[in-house]
Amino acid sequence: MDEIRKPASNEIRKVPASAGAQWLIDGFATLKASPTGFGAMGLVYGVLAALMAGVVMLLPQAAFVVQTLWFLAAPVLTAGLVWAAREVAEGRHVGVAAYSEPARQGKVPSLLATLLPQFVAAVLIAGLAFVLIGYDNVRTMMEVFEKMRDAPPGAQPDPALLAALPAGGVLLWMLCAILIGFAMFFVTFIAVPGIMLGGKDVFTALRASWRASLRNLPAMLVLIVLLIIMLIGIALLAGIVGAIVGIVAGQVMQMLVVQLVMMTVLAPVMAAAATSAWRSMLGADAGPPALPVGQLQA
């Protein structure tokens, strides 16, 4: 990327729609540039995610506690990846120790506060479900989902249960849930880089992420489309690897390997992409611009 002028303190830079693709390219380039450093951090993230999934599957009674701990740890781990992505982009070596950077800088409380939009979104989605679908129908949906989750491969839920649900209410609720999900993504997308690299407080970072995402809506839409394609591709790759492992080690190991492969790639790439996005829209005054992809150093 060419060097660009430094914006004013609160200025949000307008970027072309193609920037959404560039952010993802930068994410993969960062991982490629430092496979033994940044890549090792991704592997640690993947192992932790797989361990969490394994505990949930093998000890369902501990699922709530384990998932809550993972929910709280995720933004702190992501912040370590964001810090490392910036270091790699500037040609410095990184390692797993970068995960301690948020605690060293005293930014853990601010990072935990970035979970507030997700909590609010979950409450809104749940509340709309009861309003638009109805309490009894929500219970029926949950029963259907549980049966689908526990059913053997290829099994289908009872069509009578699905037919009893109000189709219009369910579709409207799903649309509202998607819109709320988009809003939450916009609010949080570059908030962690804003805190870790820009030195902003949490509410300033969340507000800046929202405003930058809206101002650069075409780039965000390109990013979202490419993210969906990327997720499908990574899921297929993880599924193939998991299926091979499953033949030898069983279904539980298959699911754990799928989780490991997906998060090992997805977590560092997304953290580096968010770092690139923050830099291009908000962060040129917090450090030098990203090196061109071909100049990233290990």
Side-chain angles (χ1 to χ4, degrees), residues 1-4 6 13 15 18-49 73-105 107-108 111 114 188-200 205 209 212 219 223 226-227 230-231 233-234 237 260-298:
M1 281 184 282
D2 295 329
E3 187 170 353
I4 46 184
K6 294 184 178 182
R13 186 180 297 105
V15 299
S18 60
Q22 184 62 51
W23 299 335
L24 271 184
I25 292 172
D26 289 346
F28 280 103
T30 304
L31 183 59
K32 180 182 177 181
S34 181
T36 59
F38 196 57
M41 293 183 68
L43 179 60
V44 169
Y45 195 107
V47 169
L48 292 175
V76 181
L77 295 174
T78 300
L81 287 168
V82 163
W83 178 267
R86 196 276 302 273
E87 296 296 286
V88 173
E90 295 180 357
R92 291 186 286 272
H93 176 73
V94 298
V96 176
Y99 276 127
S100 66
E101 196 64 30
R104 191 187 70 80
Q105 296 187 24
K107 295 182 177 179
V108 171
L111 293 167
T114 62
T188 58
F189 176 48
I190 56 173
V192 171
I195 293 170
M196 281 300 298
L197 308 180
K200 304 297 184 183
S209 180
L223 172 68
L226 293 178
L227 274 178
M230 181 187 76
L231 285 172
I234 294 176
L237 173 63
L260 171 64
V261 173
M262 287 195 65
M263 297 313 298
T264 295
V265 177
L266 188 59
V269 168
M270 280 305 302
T275 303
S276 177
W278 171 81
R279 184 188 295 112
S280 66
M281 291 190 288
L282 290 168
D285 57 343
L291 294 174
V293 170
Q295 294 183 24
L296 287 173
Q297 302 173 22

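Residues: numbered from 1 along the sequence shown.
Here the OG atom belonging to S18 is positioned 9.0 Å from the CD1 atom belonging to I25, to the nearest 0.5 angstrom. Here the OH atom belonging to Y45 is positioned 10.5 Å from the OG1 atom belonging to T264, to the nearest 0.5 angstrom. Rounding to the nearest 0.5 Å places CH2 of W278 at 8.5 Å from NZ of K200. Atom-to-atom distance recorded for L227:CG and L24:CG is 5.0 Å, nearest 0.5 angstrom. Note that CG of L282 is 4.5 Å distant from CD1 of I190, once rounded to the nearest 0.5 Å.
Contact record, A79 with L111: CB-CD1, 3.4 Å, taken as the closest heavy-atom pair. Considering every non-hydrogen atom in both R279 and R13, the closest pair reads O-NH1, 3.6 Å. Of all non-hydrogen atoms in A19 and A219, the two that sit nearest each other are CB-CB, 4.4 Å. Shortest non-hydrogen contact noted between V94 and S34 is CG2-OG, 4.0 Å. Here the closest non-hydrogen pair linking A273 and F189 is O-CZ, 4.4 Å. Here the shortest heavy-atom pairing between A84 and M41 reads CB-SD, 3.5 Å.
Residues T30 and P268 fail the side-chain proximity criterion, which asks for heavy atoms closer than 4.5 Å. Contact check for Y99 versus L81: side-chain heavy atoms found under the 4.5 Å cut-off. Contact check for L43 versus L260: side-chain heavy atoms found under the 4.5 Å cut-off. Under the 4.5 Å side-chain criterion, counting only non-hydrogen atoms from C-beta, L226 is not in contact with W23. Between V269 and M230, some side-chain heavy-atom pair lies under the 4.5 Å cut-off. Within the 4.5 Å cutoff, the side chain of Q22 has no heavy atoms near those of the V15 side chain.
For S276 (side chain) and A272 (main-chain N/O), no donor-acceptor pair under 3.5 Å exists by modelled atom type.
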Practice item. Given side-chain contact (heavy atoms from CB on, under 4.5 Å), test L266 with L231 step by step and report yes or no. Key: CA-CA 8 Å; L266 188 59; L231 285 172; 3.7 Å; yes
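The only member of K107, M196, E87 that meets side chain to side chain contact (heavy atoms under 4.5 Å, CB included) when paired with E101 is M196.
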